[in-house]
Amino acid sequence: MKFDSALLYLPPPLPPFPRQRALDSLLFSAISSSSSVLQLRQIHALLHRFGLHASSFLVAKLLRRLTDLGILPPNPYPSLVFSQVPSPNSFLWTAFIRSHSPTLSSASADADSPLSVYSLMRRQFPPPPPLTFTFSALLKSAQSLSDGIQIHAQTISIGGFDSDLFVLNTLIDMYIRSGHLIHARQVFDEMPVRDVLSWTSLIVAYSRNGDMNSAAGLFHCSPVKDVVSWTAMVSGYSQNSQPREALAIFKKMQAGGVAFDDISLVSVINACAQLGTCNYASWIRQVVDQAGIQLNVFVGSAMIDMYAKCGLIDDAQQVFAEMSDKDVYSYSAMISGLAAHGRADEAIHLFEVMVRSTAVRPNRVTFVGVLTACSHAGFVEKGRCYFSLMMNEYRITPDPDHYTCMVDLLGRAGLVEEALKLVQSMLVEPNGAVWGALLGACRIHVKPEIAKIASEHIFRLEPDCIGNYIVLSNVYASAGMLDEVSNIRKMIRGRGLRKNPASSWMESGDGVIHEFFAGDDLHPRSKEIKEVIEYLLQSLRLVGYVPVLSSIVYDMSDNEKERILKGHSEKLALAFGVLTTVVGGVIRIMKNIRICEDCHLVMKMASGAIEREIIVRDSLRFHHFKSGLCSCRDFW
DNA sequence: CTAGGGTTAG
């Protein structure tokens with residue numbers, strides 16, 4: 001039997017008197033705008049008073065509002081509300097089915113599942129005709145593939161809806177949610193008609209799977225594109241760490257005359273954060289301002305994060321101050337940013353303000369930020385306090401990220417044995433980062449025995465990560481264990497790993513990136529760069545600079561060590577900065593590994609000698625060098 | 001009434 005679906009969309013029959021219709025719509029909007037169960041109960045009482053509690057129209061709205069507020073069965077209230085309607089229509093049944101959506105908590109008993117409510121509906125006499133919404137509600141609540149297939153079968157057996165665009169889109173969505181992209185794709189391929197939603201759903205699914213090639217292929221073929229599908233591509237690239245592609249597709253979107261909105265910009269801001277350069281930061285700020293986009297929590301948090309990652313921590317703070325609404329993301333982004341810039345006191349202060357004077361509750365990410373702040377500043381006791389505060393007060397079970405912070409905190413402060421004990425006491429399996437933090441501590445404090453333990457785990461977890469081998473080799477070299485050093489070298493060769501070279505780079509005013517490798521003379525201005533370094537180091541010697549030869553752990557003559565130190569890539573970048581930036585301007589350098597002691601000393605002294613602020617972003621954090629001092633207070 | 005968004009460690 002087929003239904004004429006057009007008939008089903010007719011509005012409910014008009015009530016006899018206009019007065020009552022006005023009352024209906026008054027109550028309807030009252031329900032829509034109510035934000036608590038108490039209010040809904042009061043409205044429900046009003047429905048009784050006016051004899052409207054049997055109205056499918058109003059009760060369906062009431063049920064949907066209850067569902068949105070999370071008042072779901074097994075709470076008896078929705079069923080009570082429903083049961084007061086003697087002959088519910090299809091809309092009300094659908095709302096009732098929706099209210100049985102399985103949520104976070106109790107796996108609902110079979111008798112309470114949306115599907116069983118649907119069977120109940122079909123057993124009515126005469127059965128209310130199902131709507132496309134009915135199947136969409138069922139599909140949305142499907143928890144498993146078999147649920148979904150069963151529901152899909154129902155739509156076919158009843159007929160009429162098996163080729164409905166809305167139902168099929170929901171079906172695609174169901175397959176994607178249950179992780180069956182291939183089934184989703186099959187439905188998509190067999191659909192008689194597709195709209196922009198069908199295309200976008202699949203594009204997003206592919207990009208969440210990390211498959212941007214398939215996503216881009218689909219996007220390219222899609223005959224209809226709108227701001228949402230374009231944004232899906234931008235965010236796909238940005239979430240898959242392809243910021244340049246994200247920006248490229250955003251520019252294409254603009255060129256195509258598609259107006260962006262705040263949601264699109266969030267992904268673009270994110271891409272700029274990954275690039276970490278000031279030019280893109282100021283470009284996107286202009287785009288945001290010119291378009292008159294409000295700094296809501298999404299745009300604002302993304303912006304805070306971006307400024308922090310571009311080394312513009314003051315701008316990040318300014319955005320934070322400008323935001324009228326702040327949530328846990330905004331606070332976490334600001335706290336992590338301050339932590340990365342070594343401004344631990346401010347990070348901790350902000351955390352205290354947040355918990356004391358706002359209703360914002362910290363989450364696990366917030367604590368990662370607070371703990372990193374402590375570890376970057378060497379606040380051992382404070383770090384311990386926040387770690388237990390997190391567990392005891394906020395009932396957050398520490399995850400490997402939190403342990404990484406704690407191991408780093410203890411280990412860097414010299415409590416390497418305690419850090420090892422902490423790792424061994426973990427209830428969750430330590431990951432590579434946790435062991436890596438411990439290994440890093442062993443390098444600073446030369447603990448070859450513990451380094452051996454850490455590296456055994458880390459080589460198992462991250463066999464291809466070259467950095468770990470190098471750190472271990474440096475520990476052995478510092479301890480004078482030369483046999484072990486050559487063993488590591490053999491290991492690296494045996495596993496076919498290659499060093500990715502240390503490099504530093506700078507962005508010039510026109511946005512071009514200039515990259516330098518240790519000891520290279522590839523840059524066109526290499527000759528001048530060398531001259532600047534020579535001149536700079538010589539003048540620094542006059543005010544007491546002595547090369548930190550211990551930064552080179554390998555066995556060679558002091559002259560050779562000095563020559564190598566001179567060629568470190570951040571020194572090349574510094575010299576290039578001196579040559580190319582305006583007098584008095586900030587010199588910003590980025591670096592793919594950690595800065596060495598000798599370069600750190602040179603940066604400090606140079607910042608005083610040439611009266612320039614120098615900001616170095618190494619692989620872990622920012623150093624702000626100014627007037628002969630570093631923001632890290634020489635603790636890194 | 002189904003498609004796109006922000007904070008996380010070595």
Using a heavy-atom cut-off of under 4.0 Å over every strand shown, decide if Arg208(A) touches base, sugar-phosphate, or nothing. sugar-phosphate

Base, sugar-phosphate alone, or nothing: which one does Lys326(A) contact when heavy atoms must sit under 4.0 Å apart? nothing

What is the nucleic acid contact for Ser235(A), judged by heavy atoms within less than 4.0 Å: base, sugar-phosphate only, or nothing? sugar-phosphate

Would you mind classifying the nucleic acid contact of Asn169(A) as base, sugar-phosphate or nothing, using non-hydrogen atoms under 4.0 angstrom? base

Taking CD in Glu352(A) as the centre, count heavy atoms belonging to other residues, nucleotides or ligands within less than 6.0 Å. Is the count above 12? yes

Side chains of Asn169(A) and Ser198(A): is there a donor and an acceptor less than 3.5 Å apart? yes

Sugar-phosphate, base or nothing in reach of Ser619(A), heavy atoms under 4.0 Å: nothing

Can you list every ring-ring contact (aromatic ring centres under 6.0 Å, His included) pair that touches residues 194-219 of chain A, not counting sequence neighbours? Phe188(A)-Trp199(A), Phe219(A)-Trp230(A)

Indicate, with a heavy-atom threshold strictly under 4.0 Å, whether Asp261(A) touches base, sugar-phosphate, or nothing. base

With a 4.0 Å cut-off on heavy atoms, is Leu620(A) in touch with a base, just the backbone sugar-phosphate, or nothing at all? sugar-phosphate

With heavy atoms under 4.0 Å as the rule, sort Arg443(A) into base, sugar-phosphate or nothing. nothing

Contact interval (first through last nucleotide) of DNA chain B with protein chain A, 4.0 Å heavy-atom: dC1(B) to dG10(B)

Check every strand shown and say whether Gly432(A) touches a base, only sugar-phosphate, or nothing at a heavy-atom separation below 4.0 Å. base

NA contact type, Glu462(A), heavy-atom cut-off 4.0 Å: base, sugar-phosphate, or nothing? base

Phe367(A) and its ring pair (Phe, Tyr, Trp, His ring centres under 6.0 Å) partner, picked from Tyr403(A), Phe387(A), Phe351(A): Phe351(A)

Could you tell me whether Arg194(A) contacts a base, only the sugar-phosphate backbone, or nothing, with contacts defined as non-hydrogen atoms closer than 4.0 Å? nothing

Touch check for Ser264(A), heavy atoms < 4.0 angstrom, all strands: base, sugar-phosphate only, or nothing? base

What distance separates Ile269(A) CD1 from Asp305(A) CG, expressed to the nearest 0.5 Å? 10.0 Å

Quiz question: by atom type and distance under 3.5 Å, do the side chains of Glu462(A) and Asn468(A) form a donor-acceptor pair? yes

